[in-house]
Amino acid sequence: MIHATGLEDVVIGPSAISDINGKTGQLIYSGYDIDDLAVNATFEEVTFLLWHGRLPNQAEYDRHYQHMVENRDLPAQVMKLLFEIPQTSRPLDVLRTVVSVLSNYDQDSNNNTADANIRKATRLTARLPSIITAIERIRRGELPIKSEPSLGHAANFLYMLTGTMPNKLHTDAMNTMLILHADHELNASTFTGRVIVSTLADMYAGVVGAIGALGGALHGGANEEVMKMLLDIGEDTKAEEYIHGLLIAKKRVMGFGHRVYKCEDPRSKHLRNLTKLLCEEQDDMTWYNMSQLIAELVLKEKGLYTNVDFYSASVQYMMGIPIDMFTPVFAASRISGWTAHIMEQFGNNRLLRPRAEYTGPSNLKYTGINQRL
Ligand code: COA
């Protein structure tokens, strides 16, 4: 048997969706460098790329775009449920619950054919922003907003959150952020989704599990922790003392380190640039300057580079997204990768079932309950 704690460096099978080079700091989606896609593509194009393994031509793009627009709104019963869930709940938990409920309103729910899976992937990707923005508006005491068909996915997401048309900078920032978070090989949540459907459970079951895995602080939940840390520090003159305090206490600095990258996460530089642009727009460089200082310090002291969650925290914060919505926004992007991997798993399935090294007792004999100490 092969022993690999945390499954480090274990390859579980082939995948044509995304590739990571941890030494050179490259992330590739189906042959295209993320650096190219982040500045040139739309999120809709990237979802098509992840699901079909190639970029769409114009006619395919138009059809795909239209399907995404047509599938945004939620069934009335699901919207009603959103008003009944306690408004103090963690938004990611509500999202996970609502995705599970949605499966009951999808006629393809238990249909695992390739066509049905594309339909479900489209519905899920189109609807996640509607769920997330409804959760936020309801807890603020406002009514959810209907989607705006004239807007693309990124702009519509912001519109449904705020009720106002987003400017170009915010639309572009959201589009880039969605592209950068869309897929990342066999990260914990994607692997969870693949394990679930490897039993031949359906796509909704896989996505519900993936959302659960995303929420932990060592995975997608890190972006929320980063922003809490930046707010806690408050001003850049206090950053050094704060970070030293964390390191001396042997605590982790959220937004740093990675299982695969041993250099800068290639997504980080795009998000850093967005933090800078958003700070310039607001004429307040606090979060950019403080983040730069922390990044230099953690690299010097621990040799650790920023990961995707570090700058995505300030990007979202400056676009007015509440902190506990950061991980749901991550999910709204990663849904495209989760569904791509789930479809790939169905296409060439073998049950994912590893082994454990047994370390418990042996040769015990059953005794009656009265004889036990
Ligand atoms: N801050 C401080 N120390 C860190 C660290 C961080 N962010 N990330 C890793 N380390 C240290 C660990 O303490 C450990 O040190 P030790 O050997 O002296 O105990 C060493 O680096 C290896 O850490 P380990 O947890 O085994 O690495 P991993 O590959 O299993 O973990 C992460 C990868 C991402 C879970 C880890 O880097 C982390 O916890 N980062 C912070 C959370 C985060 O940003 N998550 C988002 C990931 S995209």
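Sequence positions, counted from 1, serve as the residue numbers for this chain. Scope of the values below: all heavy atoms of this structure, side chains included, with no hydrogens, waters or symmetry mates. One-based numbering, in listed order, for ligands and for the atoms of each.
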Any non-hydrogen protein atom less than 4.0 Å away from [atom]:
| atom | value |
| --- | --- |
| atom 7 (N) of ligand 1 | yes |
| atom 16 (P) of ligand 1 | no |
| atom 19 (O) of ligand 1 | no |
| atom 27 (O) of ligand 1 | no |
| atom 11 (C) of ligand 1 | no |
| atom 37 (O) of ligand 1 | yes |

Knowing that exactly one of Y261, F191, F330 qualifies, which makes a ring-ring contact (aromatic ring centres under 6.0 Å, His included) with H184?
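Only one of Y261, F191, F330 forms a ring-ring contact (aromatic ring centres under 6.0 Å, His included) with H184, namely Y261.
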
Counting from 1, what ligand 1 atoms have a heavy atom of [X] closer than 4.0 Å?
| X | answer |
| --- | --- |
| K302 | 3 (N) |
| G255 | 43 (C), 44 (O) |
| L304 | 1 (N), 2 (C), 3 (N), 4 (C), 5 (C), 6 (C), 8 (N), 10 (N) |
| H219 | 46 (C) |
| G257 | 34 (C), 37 (O) |
| A222 | 43 (C), 44 (O), 45 (N), 46 (C) |
| H258 | 37 (O), 48 (S) |

Can you find an N/O atom of [X] closer than 3.5 Å to an N/O atom of ligand 1?
| X | value |
| --- | --- |
| R252 | yes |
| D309 | no |
| V253 | yes |
| V308 | no |

Any carboxylate oxygen within less than 4.0 angstrom of a Lys/Arg side-chain nitrogen, looking at [X] and [Y]?
| X | Y | value |
| --- | --- | --- |
| R123 | D106 | yes |
| R90 | D324 | no |
| E296 | K300 | no |

If you take all heavy atoms of Y204 and V99, which pair is closest and at what distance?
CD2-O, 3.4 Å

Output yes when a side-chain donor or acceptor of [X] lies under 3.5 Å from a complementary backbone atom of [Y], and no otherwise.
| X | Y | result |
| --- | --- | --- |
| K251 | I248 | no |
| Y29 | I179 | yes |
| S30 | A16 | yes |

Geometric cation-pi criterion, R334 with F43: 6.0 Å, 45°
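Cation-pi check for R334 and F43: fails.
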
Can you tell me which residue and heavy atom of the protein come closest to atom 41 (C) of ligand 1, and the distance to 0.1 Å?
F256 O, 3.4 Å

Does [atom1] in [X] sit with more than 12 non-hydrogen atoms of other residues, nucleotides or ligands closer than 6.0 Å?
| X | atom1 | answer |
| --- | --- | --- |
| R355 | CZ | no |
| K238 | NZ | no |
| E241 | CD | no |

Could you see which bit of L218 sits under 4.0 Å from ligand 1, with heavy atoms only: side chain, backbone, both or neither?
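Within the 4.0 Å criterion, L218 contacts ligand 1 through backbone and side-chain atoms alike.
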
Please work out whether any backbone atom (N, CA, C, O) or any side-chain heavy atom from C-beta onward of V298 is under 4.0 Å from ligand 1, and answer side chain, backbone, both or neither.
neither

Yes or no on salt bridge (charged side-chain N to carboxylate O under 4.0 Å, His left out) for E60 and R63, after CA distance, side-chain angles and deciding distance?
CA-CA 5 Å; E60 288 169 331; R63 237 185 348 263; 5.2 Å; no

Determine, considering heavy atoms only, which of R267, M254, R259 sits nearest to atom 42 (C) of ligand 1.
M254

